[in-house]
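Report on the following structure.
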Amino acid sequence: MKRALTTSLFGLCVAAAWFLLSDSGQSSAAVVTFNKDIAPIIQTKCQACHRPGEVAPMALLTYKQVRPWAKSIREVVTSRTMPPWFADEKHTEFSNDPRLSQKEIDTIQAWVSGGAPEGDPKDLPPNPNFPEGWQIGKPDVVLPMTVEFNIPAEGTIPYKYFAVPTNFTEDKFVQFAEIRQGDRAHVHHVIVSVRYPEHGELPPAGEIEPAKLSTFRRSSNDRPADSDGRLVGWAPGEAPLELRDGQAKLVKKGSVLIFQVHYTTNGEPGKDRSSIGLIFSKAPVEKRVITAGAVQSNFVIPAGAPNHEVISEFTFKEDSHIDSLHPHMHMRGKDFKYTLVYPDGKSKVLLWIPRWDFGWQLTYVFKEEVFAPKGSKLVCVAHYDNSINNKFNPDPTKDVRWGDQTWEEMMIGYVDYTLDKQDLRKQPQAASSSSSK
């Protein structure tokens with residue numbers, strides 16, 4: 001009897017110990033902390049924008065900065081509103097897809113549900129060393145507008161154009177480029193293009209007079225074949241130019257950069273002197289990246305139309321590889337689809353944006369470049385909601401046509417591509433030094 005009782009007590013003790021250890025182990029494993037589990041996610045997926053001087057409205061660099069936003073963070077990552085990404089996942093894979101994995105989302109949910117604890121300071125990894133003021137890193141050269149533009153408090157401002165001489169004494173191959181707005185409260189977008197000396201008269205430094213714009217502006221249809229045209233753009237949500245190793249855009253010696261700047265008024269006057277930072281390729285360049293566009297400007301979106309379709313095309317004249325796509329519409333944009341139609345009639349959807357968001361002008365960079373044989377067509381199909389159901393619609397009672405202002409519309413399917421036959425490594429190239437002269 002005594003032995004049986006002893007055995008029973010021993011068994012109970014073992015069971016109790018097992019239960020306590022097991023529960024403790026489970027509890028310990030279930031504790032998700034900021035320092036150990038959340039900070040790495042925030043650092044890799046959020047801090048590029050959520051830091052001082054960048055586009056996000058608040059910084060997320062420390063626990064004290066993140067903690068007040070914990071429930072909001074859980075909400076936007078669960079709904080996949082953040083990080084912003086609009087490509088339908090059924091189609092091509094993209095190298096710059098910022099979306100969180102389901103495991104990362106589950107981790108954030110568990111952290112918030114557990115009270116959002118900070119955790120052991122020893123578990124906290126250091127934040128990335130972001131270069132102040134630039135996402136691409138320290139530029140080799142920074143070229144600002146040569147004049148400051150005074151922005152009125154009210155009224156509509158037509159697009160402004162500014163000539164910025166490079167003063168380069170040798171050709172430069174640009175791998176990374178970034179635009180910094182001088183006045184973020186008033187600058188809606190900036191597009192920087194290149195004008196080569198051999199392509200005609202170069203504008204003098206400063207604001208280009210409206211009467212002379214036609215002399216210096218070229219559409220994608222009449223641009224010389226060896227011109228890269230658009231160098232880089234900035235609009236809400238648009239990332240800097242970041243090309244693959246061995247790729248670059250060419251800025252020839254003596255070229256002039258032309259800044260197209262769209263200003264919007266907000267009741268307060270301002271001053272702007274936007275700039276561009278360039279990083280030159282440090283390795284031999286094999287391919288020049290060419291930016292073109294499938295553009296349709298001849299359209300009318302009827303008043304009240306909920307799903308008006310507009311189509312544009314771009315034909316590849318040589319065997320090429322597509323590097324990235326960048327759709328562009330305004331506030332009535334609804335969806336946008338790129339389809340590559342091959343010479344034999346077969347087709348492949350490269351990108352579908354089922355829900356267009358004017359506030360996020362994203363570029364979609366392919367994980368693997370897409371082959372476009374000679375004669376292939378890039379067909380872009382966009383739909384517009386000009387009805388009262390579109391809460392962003394400036395005026396559903398008016399027909400809408402192509403125009404510069406945001407209450408008008410555009411339809412452009414930008415494409416960055418390279419030519420298969422090109423290998424610049426076999427030709428003399430510009431020095432890769434960091435000098436601007």
Side-chain angles (χ1 to χ4, degrees), residues 46-61 65 68-69 72 76 81-84 130-136 139 142-164 177-193 205-208 210 230-241 257-278 326 328-333 356-363 391-395 403-410:
C46 307
Q47 287 184 357
C49 294
H50 286 272
R51 55 190 173 93
E54 294 304 322
V55 295
M58 69 285 195
L60 299 177
L61 300 179
Q65 292 174 337
W69 298 96
S72 296
V76 296
T81 305
M82 287 285 160
F130 292 108
E132 185 175 353
W134 299 94
Q135 295 185 41
I136 59 174
V142 177
L143 299 171
M145 288 163 39
T146 60
V147 294
E148 188 175 67
F149 181 73
N150 293 312
I151 306 164
E154 299 178 347
T156 299
I157 306 173
Y159 281 17
K160 295 295 180 179
Y161 293 81
F162 302 89
V164 179
E178 181 177 353
I179 293 169
R180 303 298 291 187
Q181 316 91 282
D183 182 348
R184 284 189 169 173
H186 293 90
V187 176
H188 176 267
H189 81 244
V190 182
I191 296 176
V192 177
S193 58
E207 183 178 353
I208 301 175
R230 175 183 167 125
L231 179 58
V232 63
W234 179 88
E238 186 168 354
L241 175 73
L257 303 183
I258 297 180
F259 285 47
Q260 178 202 81
V261 189
H262 180 195
Y263 296 106
T264 55
T265 56
N266 60 10
E268 297 288 337
K271 295 180 181 294
D272 176 62
R273 194 173 182 178
S274 294
S275 60
I276 184 173
L278 306 176
H326 180 92
H328 179 69
M329 299 186 287
H330 289 175
M331 301 177 77
R332 294 173 178 83
W356 171 257
D357 190 327
F358 179 64
W360 293 99
Q361 304 278 334
L362 303 184
T363 297
K391 63 181 181 180
F392 303 108
N393 194 345
D395 189 348
D404 290 341
Q405 300 297 332
T406 55
W407 59 83
E408 298 169 312
E409 266 303 338
M410 287 188 175

Legend entry - Any side-chain heavy-atom pair of Asp404 and Pro158 under 4.5 Å: no

Legend entry - Sidechain-backbone polar pair: Gln47 side chain, Leu60 backbone, donor-acceptor under 3.5 Å: yes

Inset, instruction - For residues Val190 and Ile179, report the shortest heavy-atom separation together with the two atoms involved. - result: O-CD1, 3.6 Å

Inset, instruction - State the NZ-CE distance between Lys160 and Met145, to the nearest 0.5 angstrom. - result: 11.0 Å

Inset, instruction - Establish, yes or no, whether a centroid distance under 6.0 Å links the rings of His186 and His188. - result: no

Inset, instruction - Could you tell me the separation between the CG atom of Leu231 and the OG atom of Ser193, rounded to the nearest 0.5 Å? - result: 8.5 Å

Inset, instruction - Would you check if the side chain of Thr265 reaches a backbone N or O of Gly155 as a donor-acceptor pair within less than 3.5 Å? - result: yes

Inset, instruction - Answer yes or no: does atom CH2 of Trp134 have more than 12 heavy-atom neighbours from other residues, nucleotides or ligands under 6.0 Å? - result: yes

Legend entry - Main-chain N/O of Val187 paired with His262 side-chain donor or acceptor, under 3.5 Å: no

Legend entry - Spacing of CD1 belonging to Ile151 relative to OH belonging to Tyr263, to within rounding of 0.5 Å: 5.5 Å

Legend entry - Close side-chain approach of Gln65 to Met58, heavy-atom, < 4.5 Å: no

Inset, instruction - Answer with yes or no after comparing the ring centroid distance for Phe392 and Phe358 against a 6.0 Å cut-off, counting only values under it. - result: no

Inset, instruction - Output the distance between atom CD1 (Ile258) and atom CZ (Phe162), rounded to the nearest 0.5 Å. - result: 12.0 Å

Legend entry - Close side-chain approach of Pro394 and Met331, heavy atoms under 4.5 Å: yes

Legend entry - Check: Glu178 and Val232 side chains under 4.5 Å, non-hydrogen atoms: no

Inset, instruction - Over all heavy atoms of both residues, which pair between Leu362 and Pro84 is shortest? Give the atoms and the distance, please. - result: CD1-O, 3.7 Å

Legend entry - Test item: Val261 and Phe149 side chains (from C-beta on) under 4.5 Å apart, heavy atoms: no

Inset, instruction - Locate the shortest heavy-atom distance separating Ile191 from Arg230; write the atom from each residue and the value. - result: CD1-NH1, 3.7 Å

Legend entry - Gap between atom CD of Gln405 and atom CE of Met410 - 0.5 Å precision: 9.0 Å

Inset, instruction - Without swapping roles, check the side chain of Thr146 against the backbone of Gly206 for a donor-acceptor pair under 3.5 Å. - result: yes

Inset, instruction - Check whether any side-chain heavy atom of Arg180 sits under 4.5 Å from a side-chain heavy atom of Pro144, and report yes or no. - result: no

Inset, instruction - Could you check if a side-chain atom of Ile276 sits within less than 4.5 angstrom of a side-chain atom of Phe259, using non-hydrogen atoms only? - result: yes

Inset, instruction - Flag the pair Val192 / Leu143 as yes when at least one side-chain heavy-atom distance between them is below 4.5 Å, and no otherwise. - result: no

Legend entry - Check: Asn393 main-chain N/O paired with Arg332 side-chain donor or acceptor under 3.5 Å: no

Inset, instruction - Measure across Asp183 and Lys271 and return the closest heavy-atom pair with its distance rounded to 0.1 Å. - result: CB-O, 3.3 Å

Inset, instruction - Indicate the atoms forming the closest heavy-atom contact of Gln361 with Met329, along with that distance. - result: NE2-O, 3.8 Å

Legend entry - Between CZ on residue Arg184 and CH2 on residue Trp234, distance to nearest 0.5 Å: 7.0 Å

Legend entry - Test item: side-chain donor near acceptor, Glu408 and His330, under 3.5 Å: no

Legend entry - Nearest heavy atoms of Ile136 and Pro240, plus distance in Å: CG2-CB, 3.5 Å

Legend entry - Ring-ring centroid check Tyr159 His189, cutoff 6.0 Å: yes

